[in-house]
J.: 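Dumping the structure here so I can ask a few things about it.
The basis for the numbers below is simple: all heavy atoms, side chains too, and nothing from hydrogens, waters or symmetry mates.
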Amino acid sequence: MPDGEYDPDAVEPKWQQQWVDDETYAYPTESTDPNTTFSIDTPPPTVSGNLHWGHVYGTILQDIVARFERMQGNDVFYPFGYDDNGIASERLTESELDIRHQDFERYEFQQKCREVCAEYEAGFTEKMQAMGISIDWNNTYQTISPEVQRVSQLSFIDLYEQDREYRQKAPAIWCPECETAISQVETEDLEEDSYFNDIAFELVESGGEPTDEAVDDDYEYETATEPGDDIIISTTRPELIPACVSMFVHPEDDRNAHLVGGTAKVPVFGHEVPIYEDDRVDMEKGTGVVMCCTFGDQTDIEWYQAHDLDLRVAIDESGTMTDLAGDYEGLSTHEAREAIVEDIDAAGQLRDRRAIEHVVQVHERDDVPVEYRVTEQWYVDVLDKRDEYLEAGKEMEWFPEKMFTRYQHWIDGLEWDWCISRQRSSGIPFPVWYCTDCDHEIIAEKADLPVDPLSDDPPVEACPECGHDEFAPEQDVFDTWATSSLTPLINVGWDWDEEAEEFTMDRPEIYPMDLRPQGHDIISFWLFHTIIKCYEHTGEVPFDSTMINGMVLDENREKMSKSKGNVVDPDAVLDEYPVDAARFWAAGSAIGDDLPYQEKGLRAGEKLIRKLWNASKLVESLAPEVVDRPDELAGIDRWLLAELDATIEQTADYLTNREFSKARDDLRTFFWGTFCDDYLEIAKQRRDEGDDQSAAYTLRTAHERFLKLFAPQLAHVTEELYRDMYDSETSVHHTDWPEPLGIEADREGGTAAMAVVSALRKYKSDRQLPLNAELSDVDVYGPIEGFEDDIRGVMHVDELTVLDSEPEIESVITEIKLDYAKVGPEYGSQVPDLEAGIESGEYELVDDELHVAGEELGADLFEVHRERQYVGEGEMLEADDAIIIISEA
RNA sequence: GGGUUUGUGGUCUAGUCUGGUUAUGACACCUCCUUGACAUGGAGGAGGCCGGCAGUUCAAAUCUGCCCAAACCCA
């Protein structure tokens, strides 16, 4: 039996260990019915460091759903993945071992990655188990494992065969530090100190005659009108001048209109470039003339494509100047920037140089500014099926609904197909070779997967296209998201059946998966990419529903970040608080909203755990045995069990809709306020007065039910109590969610009786009396039949009388309250007149009608509030519908 | 710069979609109470006019517009 104080330090690890040992949460191998399975596609955390508080938060929400669905009678499939095939894991390895991947053979570096990741993954496992997350540890995966590599390569080949992938030379965002193409989503903004340089190009030839606007004294620089004049442009990146391919002015720019069609000479490097017009120019900026280099930014790329410009590559893959930069060849971009500015200055063509702060796009992994390079990359078609993918998103149920708009806007704004190739040392290789003669693509056989073209031979002896017999392996590997967008297929055991020539699933019953939980920050790429990939492979939307959690903020509602130093360390928190307290905190959020980390939230959790424990002790002492239901149940017991029925249904509804905080607070309020404060106090008195089977039955029944209702959120303490008091062999997490008992009860009477108790408490409190002070004589007028003894017992009333008729009362009308929901629609703009009439007292009550402002309002349109004054002996209290008279002894 | 979401007493939060007038609860605060689980408890009290402005309406925390702030996504 529960004894002494609850000791989470001992209890929680005990059950965590047992849950793992017993495989309590294992998905049964024989489950085949999609209707009784509930599968969760958990996004595998990236192995890039330790798990943080945001993981803790998101995972607890998943786990509450998993536990709840399990109690709904479902076989829950709750896997865990480690996403360790990405660039983040490479970075982790480099910083952990203080090495650079460039210094190692590919295979050697991969081995190091495996070793470092293995350590961190063990840490993930430990943390998840130490939080009692009901993960099925028989179903875990690493995205770098051969099995997953096979799935990922199968996916590539399937899309290739569906003609939804292509290889193309195109400008891609490039990280010169990592020496790889990266995707848009891997970049972020960074404020950087820089200089704006005003540099003079020489006008060689105009395209037309200058207008009047060309000459104006207010201009900072004179407009170039004659050959030899200076055209001033401003740039933060003078090192790109050797890559300058053209200049642009806005089509509506009268000042510079005459330049269009002409040419200009680039300073220092001396090549001539054409001048074009384009509406992407910001004519308010500087002189309204800009240079276009291949490539300085996104606009340069657009111009390059729109105007079919030359390609001048001045910067190589490592951020070093090429031979195109002439004397500057071999310098880094930064060195070249300074050197070129100096030389331009020496040539008299630097007009101004001022320090500015501006935002540059950097690679999120290393904060190095990105470049744009034209390279051969693999792309997945997405732009052609936008409408279909939008529909696919619509088919899912979204918790909360409003998050769907993010998905929608992401698709609306898509401009590029999805680049899935990365030039890295570690990762899943493309199963592709190229004919060294004709560049024909040779794709691996599905049966051979996984393959590594660097060490494996292509499946053909000679090129089917040209007959050549030498092949070059694809050096690139997949983007991380190309694989992590396949987690539903990994989970269901998707594979290719060579004999049947079709894709198969080991566990078809769990696909589409029931739930995809994740943060709102990754709707646009992770969720989107997962939907489209699985949709293309299976023809089905991979999820029935998605649950989007918010971000965890710090105590001051600010974003947690290493640089701010406000990151909450899960280990430190869990050292100090029980896991169940953290679970209580996490359950206090509305799904989709951000949640600030609040220590007091954890403290509140601790209090609830303690309350549950102490109440359990009391229940055990009042009713030491489980008893059968007696033939007759006392009114108060029927009332309590009926109220509990309502809470059972309400809590289930809330959890079904993933309304965690409502479920938590509703249940807590009923347990604490009604069960502990009201019912248990009454039950105590009744036990004193003799052996009461009805009370014993109700105590045990309600208590057991409370344990089950709390089990999804307070996983540990409920397990301890349930096994101790009800069934040592069965986990509470394997029990079914309670069915309502459906007992007939006078709910109104019970509620009125509780209101009377409340009023008597207040009476004692107001007089600074102890709550167990004796009251000699109390009369009640109200619907409390059947509850008299309960009130008498708990409030220590010697004599309690229920009055048949209202006691002698004088009343004055204090207020007439209109029922606006009815009065408003009926009387509209007359309402202020009615109100004024009531306010000034110019009204009459005739029978049940209110006569005011020339109108006659029926009884259902208003309520009369009276102040009652009792004129007899004793003192009067009011409690909802009841009137209470207290006569002192 | 664009989009999405959020903004309620000192703090966190319910209510906002489906407009109706004493705006929910918790924590902190104040007062009182040791009653046979819990003083890490119980009873009670004070504290907000709902980010700001304007509008629609008989009526707005709730609808509309603009502005401000924060978070996220995109440029």
J.: Going by an N to O cut-off under 4.0 Å, is there a salt bridge joining A/Arg658 and A/Glu397?
T.: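 Looking at A/Glu397 together with A/Arg658, the answer is no, because their closest N to O distance does not fall below 4.0 Å.
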J.: Here's a test of your reading of the structure: between A/Asp678 and A/Ile522, which maps to the more 5' nucleotide of RNA chain B?
T.: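 The residue mapped nearer the 5' terminus is A/Asp678.
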J.: Roughly how many Å is it from CG in A/Leu680 to P in B/rG42, rounded to a whole number?
T.: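 It is 12 Å, rounded to the nearest whole Å.
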J.: I'd like to know if A/Lys402 pairs up with A/Asp593 as an ion pair, taking the criterion as any Lys NZ or Arg NE/NH1/NH2 lying under 4.0 Å from an Asp or Glu carboxylate oxygen.
T.: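 Salt bridge flag = yes for A/Asp593 with A/Lys402.
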J.: Between B/rC72 atom C1' and A/Gln408 atom CD, what is the distance in whole Å?
T.: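 Distance, rounded to whole Å: 17 Å.
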J.: Which whole-number value in Å describes the distance from A/Asp521 CG to B/rC73 C1'?
T.: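 For the pair A/Asp521 CG and B/rC73 C1', the rounded distance is 9 Å.
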J.: For the pair A/Asp417 (side chain) and A/Leu383 (backbone), establish whether a donor and an acceptor sit closer than 3.5 Å, ignoring hydrogens and angles.
T.: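 Flag set: sc A/Asp417 to bb A/Leu383 pair under 3.5 Å.
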J.: Please report the distance separating the P of B/rG10 from the corresponding atom of B/rG20, rounded so that it comes out in whole Å.
T.: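 After rounding to an integer number of Å, I get 25 Å for this pair.
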J.: Counting only Watson-Crick or G-U wobble pairs whose two distances fall under 3.5 Å, which nucleotide matches B/rC58?
T.: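 Check on B/rC58: paired to B/rG20, both distances under 3.5 Å.
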J.: Grab the CZ-P distance between A/Arg686 and B/rU35 for me, whole Å please.
T.: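 Between P of B/rU35 and CZ of A/Arg686: 23 Å.
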J.: Identify the nucleotide, in any strand shown, that forms a Watson-Crick or G-U wobble pair with B/rC38, with both distances under 3.5 Å; if there is none, say none.
T.: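 Pairing partner: none.
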J.: Find which nucleotide of RNA chain B each of A/Ser829 and A/Trp613 is nearest to by heavy atoms, and output the residue with the more 5' nucleotide.
T.: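 The residue closer to the strand's 5' end, by nearest nucleotide, is A/Trp613.
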J.: Any carboxylate oxygen within less than 4.0 angstrom of a Lys/Arg side-chain nitrogen, looking at A/Arg700 and A/Glu620?
T.: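 Judged by the 4.0 Å cut-off on N to carboxylate O distance, A/Arg700 and A/Glu620 do form a salt bridge.
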J.: Got A/Met396 and A/Ile531 here, is their nearest side-chain heavy-atom distance under 4.5 Å?
T.: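 The answer is yes; the side chains approach within 4.5 Å.
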J.: Does a salt bridge link A/Asp677 with A/Arg761, judged by any charged N lying under 4.0 Å from a carboxylate O?
T.: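 A salt bridge is absent here (no side-chain N lies under 4.0 Å from a carboxylate O).
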J.: Using the ring of each side chain (for Trp, its six-membered ring), is A/Trp481 parallel, tilted or perpendicular to A/Trp526, with breaks at 30° and 60°?
T.: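 Answer is perpendicular, since the angle exceeds 60°.
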J.: From the options A/Asn657, A/Asp653, A/Thr651, select the one residue that forms a side chain to side chain contact (heavy atoms under 4.5 Å, CB included) with A/Leu655.
T.: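 Among A/Asn657, A/Asp653, A/Thr651, the one that satisfies the side chain to side chain contact (heavy atoms under 4.5 Å, CB included) with A/Leu655 is A/Thr651.
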J.: Can you figure out which of B/rC12, B/rA37, B/rA14 approaches the side chain of A/Gln598 most closely?
T.: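 Of all the options, the side chain of A/Gln598 is nearest to B/rC12.
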J.: Among B/rC72, B/rA14, B/rG42, find the nucleotide with the atom closest to the side chain of A/Lys611.
T.: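 Selected nucleotide (nearest to the side chain): B/rG42.
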J.: Please state the P separation for the pair B/rU5 and B/rG65 - nearest whole angstrom.
T.: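 Comparing P positions in B/rU5 and B/rG65 gives a spacing of 12 Å.
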J.: Is A/Tyr679 close to A/Leu699 at the side-chain level, that is, under 4.5 Å between some pair of heavy atoms?
T.: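 Heavy-atom side-chain distance check passes, below 4.5 Å.
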J.: When all nucleic acid strands are considered with a 4.0 Å heavy-atom cut-off, which category describes A/Gln830: base, sugar-phosphate, or nothing?
T.: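 No contact.
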J.: What does the list of N/O pairs under 3.5 Å between the protein and nucleotides 3-6 of chain B look like, with a distance for each?
T.:
from  : atom 1 : to       : atom 2 : distance (Å)
B/rG3 : O2'    : A/His409 : ND1    : 2.9
B/rU4 : O2     : A/Arg406 : NH2    : 3.3
B/rU5 : O3'    : A/Lys402 : NZ     : 3.4
B/rU6 : OP1    : A/Lys402 : NZ     : 3.1

J.: Can you tell me, in whole Å, how much space there is between the P of B/rA59 and that of B/rG42?
T.: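 Roughly 45 Å separates the two P atoms.
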J.: Paired with B/rA46 by Watson-Crick or G-U wobble geometry, both distances under 3.5 Å: which nucleotide is it?
T.: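 Per the H-bond distance test, none.
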J.: Quote, to the nearest angstrom, the C1' distance that separates B/rC63 from B/rG19.
T.: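 After rounding to an integer number of Å, I get 7 Å for this pair.
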J.: Under the 3.5 Å rule, do the base of B/rA43 and the side chain of A/Glu681 count as making a donor-acceptor pair?
T.: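 When only heavy-atom distances are counted, A/Glu681 does not reach the base of B/rA43 through any donor-acceptor pair under 3.5 Å.
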J.: Return the value, rounded to whole Å, for the distance between atom CZ of A/Arg761 and atom P of B/rC32.
T.: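 After rounding, the gap between these two atoms is 20 Å.
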J.: For A/Trp398, enumerate each residue passing the ring pair (Phe, Tyr, Trp, His ring centres under 6.0 Å) test, keeping only those at least two apart in sequence or located in another chain.
T.: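 For A/Trp398, the residues satisfying ring pair (Phe, Tyr, Trp, His ring centres under 6.0 Å) (neighbours in sequence not counted) are A/Phe404, A/Tyr407.
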J.: Give none if B/rC72 has no partner; otherwise give the nucleotide forming a Watson-Crick or G-U wobble pair with it, both distances under 3.5 Å.
T.: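 Here B/rC72 is engaged in a pair, and the nucleotide opposite it is B/rG3.
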J.: Give me the distance, rounded to whole Å, that separates B/rC17 from B/rU6 when you measure between the P atoms they each carry.
T.: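 Pairwise P distance, B/rC17 against B/rU6, rounds to 13 Å.
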J.: Less than 4.0 Å between a side-chain N and a carboxylate O, is that true for A/Arg668 and A/Asp665?
T.: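 Salt bridge flag = no for A/Arg668 with A/Asp665.
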J.: So what's B/rC66 paired with, Watson-Crick or G-U wobble, going by both distances under 3.5 Å?
T.: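 Paired with B/rG52.
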J.: Whole Å only: how far is the NZ atom of A/Lys764 from the C1' atom of B/rA43?
T.: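 These atoms are roughly 11 Å apart.
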J.: Using atom CG of A/Leu602 as one end and atom P of B/rU11 as the other, report the distance to the nearest whole Å.
T.: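 In whole Å, B/rU11 P and A/Leu602 CG are 20 Å from each other.
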J.: Taking B/rG7 as the reference, what is the distance to B/rG52 when you measure between their P atoms (whole Å, please)?
T.: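 One P to the other, the span is 13 Å.
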J.: Could you measure between the two P atoms, the one in B/rG36 and the one in B/rU24, and give it in whole Å?
T.: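 Roughly 34 Å separates the two P atoms.
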J.: What's the CG-C1' distance between A/Asp554 and B/rU11, to the nearest Å?
T.: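 After rounding, the reported distance stands at 13 Å.
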J.: Just checking, A/Arg603 and A/Tyr577: is the charged tip under 6.0 Å from the six-membered ring centre and within 45° of the axis?
T.: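 Judged by the rule (NZ or CZ under 6.0 Å from the ring centre, within 45° of its axis), A/Arg603 is not positioned above A/Tyr577.
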J.: Hey, does A/Ala773 reach any base, or is it just sugar-phosphate, or nothing, if we go heavy atoms under 4.0 Å?
T.: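 Contact class for A/Ala773: none.
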J.: Between B/rU13, B/rC58, B/rC72, which one does the side chain of A/Pro596 approach most closely?
T.: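 Nearest listed nucleotide: B/rU13.
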J.: List the protein contact pattern of nucleotides 17-30 of chain B with one symbol per nucleotide (5' to 3'): B for base contact, S for sugar-phosphate-only contact, - for none; contact means a heavy-atom distance under 4.0 Å.
T.: ---BBB---SS---
J.: Using the C1' atom as the reference point in each nucleotide, state the distance between B/rA61 and B/rC49 in Å, no decimals.
T.: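 Going atom to atom, C1' in each nucleotide, I get 8 Å.
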